[in-house]
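Take a look at the structure below.
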Amino acid sequence: MESPIAVFKLIILYMLDRAGGPIAMPQISAFLLENGYTDFNSLFNTYASIVANGFVTSKEEGDKTFLTITEEGRNALRYFGSEISKETCRQIEEFLRDNGREIRNDEDIIAEYYRSTYGGYMAHLVVRDKREPMLEISLSVPDEESAKAVTAGWKDKSADIYRMILEQLY
């Protein structure tokens, strides 16, 4: 198992295993691309392959797709994990340590919108802690542009909005 694609797969599996939970594909992609492990075209073929082979599951939430390692993926990692260099493992550990908060926020702060049956759009905004909803807001907006603006601002402002709501209620 020495092809570059096989090593990319193992790097993704190792990252998911070490993270201990789902990671959004853009986070994984950023690590692989920034460190020169792969190019953009190979990356999406690799994602498709590891999902098709049952090594990971993918789940769409809002505008993000999250990957989670499966037991089959863990078995493959146990068997072939020695193909990943110690330097690559160190880079992954450092990436997870440096980006842990952002990785968790990707999973815990959800913003999506959809066309309402009443004509406008609905923005669905969620803040979770350990996958449990702490705050959910469904906000009616007049058009898609407004829906995009609301969902884009949610990631940066959700903590302040949550805090403000608690202050007003207590």
Side-chain angles (χ1 to χ4, degrees), residues 1-112 124-137 151-163 166:
M1 183 172 220
E2 53 198 51
S3 79
I5 299 291
V7 174
F8 304 151
K9 291 176 186 178
L10 289 170
I11 289 171
I12 294 168
L13 294 176
Y14 183 82
M15 183 178 281
L16 291 169
D17 187 58
R18 298 299 296 161
I23 302 179
M25 284 174 57
Q27 291 285 349
I28 299 168
S29 299
F31 173 81
L32 291 168
L33 294 169
E34 288 170 9
N35 288 290
Y37 287 110
T38 189
D39 60 58
F40 196 73
N41 291 332
S42 298
L43 187 58
F44 286 97
N45 291 334
T46 302
Y47 286 141
S49 175
I50 61 175
V51 170
N53 290 329
F55 296 143
V56 301
T57 58
S58 70
K59 180 179 179 187
E60 289 188 32
E61 288 192 23
D63 62 344
K64 298 177 190 110
T65 300
F66 291 88
L67 299 181
T68 305
I69 191 168
T70 64
E71 195 55 40
E72 286 182 47
R74 282 190 181 86
N75 290 336
L77 187 59
R78 277 192 286 275
Y79 191 74
F80 296 109
S82 62
E83 299 291 325
I84 306 171
S85 74
K86 290 192 187 308
E87 175 60 19
T88 299
C89 291
R90 186 196 61 72
Q91 286 177 325
I92 292 169
E93 298 290 339
E94 185 177 306
F95 178 83
L96 291 172
R97 185 175 55 253
D98 293 347
N99 296 283
R101 179 182 208 95
E102 189 173 333
I103 290 169
R104 280 189 306 281
N105 281 348
D106 273 346
E107 186 181 8
D108 291 337
I109 299 173
I110 307 297
E112 58 192 348
H124 185 158
L125 313 168
V126 182
V127 174
R128 297 187 300 201
D129 184 28
K130 298 177 184 154
R131 305 206 50 86
E132 288 293 320
M134 295 172 48
L135 174 66
E136 283 190 68
I137 299 173
T151 56
W154 183 245
K155 184 172 185 172
D156 293 331
K157 297 175 183 170
S158 60
D160 294 335
I161 293 168
Y162 178 72
R163 188 173 24 263
L166 285 180

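Computed over heavy atoms, backbone and side chain alike; hydrogens, waters and symmetry mates excluded.
- Residues satisfying the side chain to side chain contact (heavy atoms under 4.5 Å, CB included) criterion with Y162, sequence neighbours excluded, are M134, L135, L166.
- Annotation: side chain to side chain contact (heavy atoms under 4.5 Å, CB included) contacts of S158 (sequence neighbours excluded): I109, V127, W154.
- Among residues two or more places apart in sequence or in another chain, the side-chain hydrogen bond (donor to acceptor under 3.5 Å, both in side chains) test is passed with S58 by none.
- S85 pairs by the side-chain hydrogen bond (donor to acceptor under 3.5 Å, both in side chains) definition with T88, not counting sequence neighbours.
- For E93, the salt bridge (charged side-chain N to carboxylate O under 4.0 Å, His left out) criterion is met by R18, not counting sequence neighbours.
- Here F8 contributes atom CZ and L32 contributes atom CG; the two are 7.5 Å apart, rounded to the nearest 0.5 Å.
- Between the side chain of T65 and the backbone N or O of M25, no donor-acceptor pair lies under 3.5 Å.
- How far CG of L43 is from OH of Y37: 14.0 Å, rounded to the nearest 0.5 Å.
- Partners of N45 by side chain to side chain contact (heavy atoms under 4.5 Å, CB included), not counting sequence neighbours: none found.
- In this view, E94 and R90 satisfy the salt bridge (charged side-chain N to carboxylate O under 4.0 Å, His left out) rule, not counting sequence neighbours.
- Remark: R74 engages D17, I69, E71, R78 in a side chain to side chain contact (heavy atoms under 4.5 Å, CB included) (not counting sequence neighbours).
- One distance of note links CD1 of I84 with CD1 of I92; it measures 5.5 Å at 0.5 Å rounding.
- Checked against ring-ring contact (aromatic ring centres under 6.0 Å, His included), F44 has the following partners two or more places apart in sequence or in another chain: F40, Y47.
- Annotation: the span from I161 atom CD1 to L125 atom CG amounts to 7.5 Å, rounded to 0.5 Å.
- The salt bridge (charged side-chain N to carboxylate O under 4.0 Å, His left out) check on E34 picks up nothing, with sequence neighbours excluded.
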